[in-house]
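Heads up: the structure comes next, in structure tokens.
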Amino acid sequence: MSALLEVEGVSKSFGGNHVLSDVSFSLADGTLALVGPNGAGKTTLLNIVAGQLSPDRGAVRFRGARIDRLPPARIVHRGLVKTYQVVRPLRSFTVAQHIELFSRVRGSVDAERILALTGLGPVRDRRAGELSFGDLKRLELAKALAVNPELLLLDEPIGGLSRDEARRILGSLEELKRDGMRMIVVEHRLLETLSFVDQVVALDQGRTIFSGSPARFFADPAVRAAYLGGGHAPRG
Amino acid sequence: MASDPLPSPSLRRLVRAAGHTLRSRLYLATLAVMAAFALLADLLGSPYFTLSLILASLYIALAVAWDFSSGLTGYINFGLPFFFGLGAFSTGYLVYHGLHSIPALLALDFGVGLVGGGLFALPTLRLRGPFFTFLSLLLPLIGTDIVLAFWTTFGLPTIGYYGLPFLAPTLEDSLLLLSGANALFLTGFYLLRESRFGLVLRGIRDDEEVLESQGISSFPYKVAAFTLSNGVVGFAGGAYALTTTFAGVDAFGFLFLLFPILIAILGGTGEILGAALAGYAVILLSQYLYLTMGSLTLLLFAGAAILLVLFLPRGLLGLLRKEAA
């Protein structure tokens with residue numbers, strides 16, 4: 001199967017700080033988790049894929065075409081959309097208006113289905129400024145789904161949520177996966193996230209230290225070194 | 001079988017949505033207030049009252065136009081007097097070059113505002129926040145300076161064009177004409193506000209970056225809003241010149257910025273209809289105060305503007321909506 005998304009030798013520095021060094025991975029189908037300790041470069045990589053940052057070196061391809069120099073709005077039109085780690089709703093908009101606003105970006109979507117899937121039906125007419133944190137996290141997902149994406153880039157979708165709230169969102173993500181939605185998830189809560197992804201890419205200090213199945217992830221010595229200490233993970 | 005006048009399903013949907021929007025009680029009440037004032041002027045026959053209402057109508061056009069672009073998007077435009085002056089001076093120029101048809105003059109003023117607004121919007125709306133506001137602030141100064149520096153080059157008889165034709169044969173007719181035009185502008189802007197176009201403009205005000213990151217390029221929407229809005233401002237400038245029969249540098253004046261913004265804030269920024277209702281209150285009050293307090297009136301309104309921003313930032317309609325919720 002040809003890759004939907006290919007990240008090829010991506011490097012990024014801010015000043016003299018190398019945030020990403022020669023990172024590569026690809027996603028053909030299913031879900032991928034991008035993990036790593038704080039400062040590993042996960043969010044920077046996600047921002048590069050979404051077009052919010054440009055790589056210093058390397059390329060990002062979606063369906064075989066380079067997208068790493070396109071503005072974010074055009075990348076969304078290709079079918080990639082990213083959610084924010086820190087929720088960014090349109091404060092004066094109701095939940096339904098969020099979906100209405102973005103629903104014509106890539107053709108029509110079923111607003112009722114999005115509301116049902118995210119569990120936001122009961123608060124559809126509430127303004128974002130009146131919603132709980134859990135609802136705002138679900139609104140972040142609903143907003144992204146409203147553009148009818150082919151690939152969802154989720155930046156810490158369950159970060160800061162209680163276990164019950166996290167379970168609700170993960171339930172929605174599992175349902176999306178069953179429907180064939182491709183996703184890349186950046187998340188710190190490994191146990192909850194790795195239970196539903198097919199592939200894991202782990203970064204440490206901007207380098208890839210692991211790429212493989214979730215089953216092999218915890219047994220990997222480089223991963224254990226990065227998470228549990230005992231010196232830096234081996235490079236290469 | 002009779003053919004469907006609207007064969008396209010999307011057009012039918014659009015017309016249905018417009019019909020639904022225009023059944024809003026607030027919209028109908030606003031139109032009723034405008035009609036009532038026009039009728040009242042006719043009944044009272046007081047030239048001062050009618051002139052005050054004409055002035056109110058001109059300020060309402062400015063306030064509604066400002067509210068549509070700046071109120072909805074949050075891009076604060078201080079260039080209003082420039083496009084107002086542009087409309088006024090276009091009228092003078094065209095009359096001095098042989099055009100005397102009032103509808104043609106007003107239509108051309110609208111066009112001049114549209115073109116001028118578009119030319120201003122295209123480069124400046126790539127800037128965000130204070131940079132755009134700063135550039136817009138320079139516009140009225142540029143307008144005034146150009147007229148003062150080059151008035152002989154433009155063939156102006158004095159620092160302005162005088163002896164222009166009247167807008168309509170009587171003051172009451174002028175008021176009727178302006179009220180009708182305002183009803184049209186108000187309806188157009190209100191329909192756009194309630195459409196997806198308006199939703200995008202409000203989204204720009206809330207978080208423009210989110211729009212961009214979700215696939216909506218905000219630039220064409222902003223340019224369209226500011227162009228359209230300045231078309232109306234140009235029209236109002238032309239109508240002002242035809243009401244006073246003079247187009248001079250006073251048309252670039254500060255009052256054509258202060259009052260429209262004050263009216264828009266009092267009505268509730270981004271509400272459109274609120275600006276129309278607040279316009280009558282502010283201008284009629286100011287006209288009354290001018291009679292009793294003279295030049296202190298402006299000081300009073302400046303103070304009121306500060307209090308308004310501090311204690312009623314969402315304006316009267318915002319307050320009403322809060323109460324209703």
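In this structure, A:Arg106 places its CZ atom where more than 12 heavy-atom neighbours from other residues, nucleotides or ligands lie under 6.0 Å away. Taking a 6.0 Å sphere around CZ of A:Phe14, one finds it holds more than 12 heavy atoms contributed by other residues, nucleotides or ligands. In the displayed structure, A:Arg74 atom CZ is contacted under 6.0 Å by at most 12 heavy atoms of other residues, nucleotides or ligands. Counting heavy atoms of neighbouring residues, nucleotides and ligands inside a 6.0 Å radius, atom CZ of B:Phe134 does not exceed 12 of them. Counted within 6.0 Å of CD on B:Glu209, heavy atoms from surrounding residues, nucleotides or ligands total 12 or fewer; the atom is thus considered open.
For the atom pair NE2 (A:His98) and CG (B:Asp206), the distance works out to 7.5 Å, reported to the nearest 0.5 Å. To the nearest 0.5 Å, atom CZ of residue A:Arg91 and atom CZ of residue B:Arg202 are 15.0 Å apart. Atom CZ of B:Arg205 and atom CZ of A:Phe93 lie 8.5 Å apart (nearest 0.5 Å). For the atom pair CZ of B:Arg196 and CZ of A:Phe102, the computed distance is 8.5 Å after rounding to the nearest 0.5 Å.
Counting all heavy atoms, side chain and backbone alike, B:Gly215 lies closest to A:His77 at O-NE2, 2.8 Å. Residues B:Val210 and A:Lys143 approach most closely at CG1-NZ, 3.8 Å, considering heavy atoms.
Each of B:Asp207, B:Ile204, B:Leu199 was scored for a side chain to side chain contact (heavy atoms under 4.5 Å, CB included) with A:Leu90, with one residue passing: B:Asp207.
Counting only heavy atoms from C-beta outward, the side chains of B:Gln214 and A:Val76 never approach each other to under 4.5 Å.
Among B:Ser213, B:Ser218, B:Gly203, the residue with the largest count of heavy-atom pairs under 4.5 Å with chain A is B:Ser213.
Put simply, the side chain of B:Glu212 never gets that close to the backbone of A:Pro72: no donor and acceptor are under 3.5 Å apart.
For A:Gln52, the part sitting under 4.5 Å from any heavy atom of chain B is the side chain, from C-beta outward, and nothing else. For a residue to count as touching a neighbouring chain, one of its non-hydrogen atoms must lie under 4.5 Å from one of that chain's; by this rule A:Arg127 touches chain B with the side chain only.
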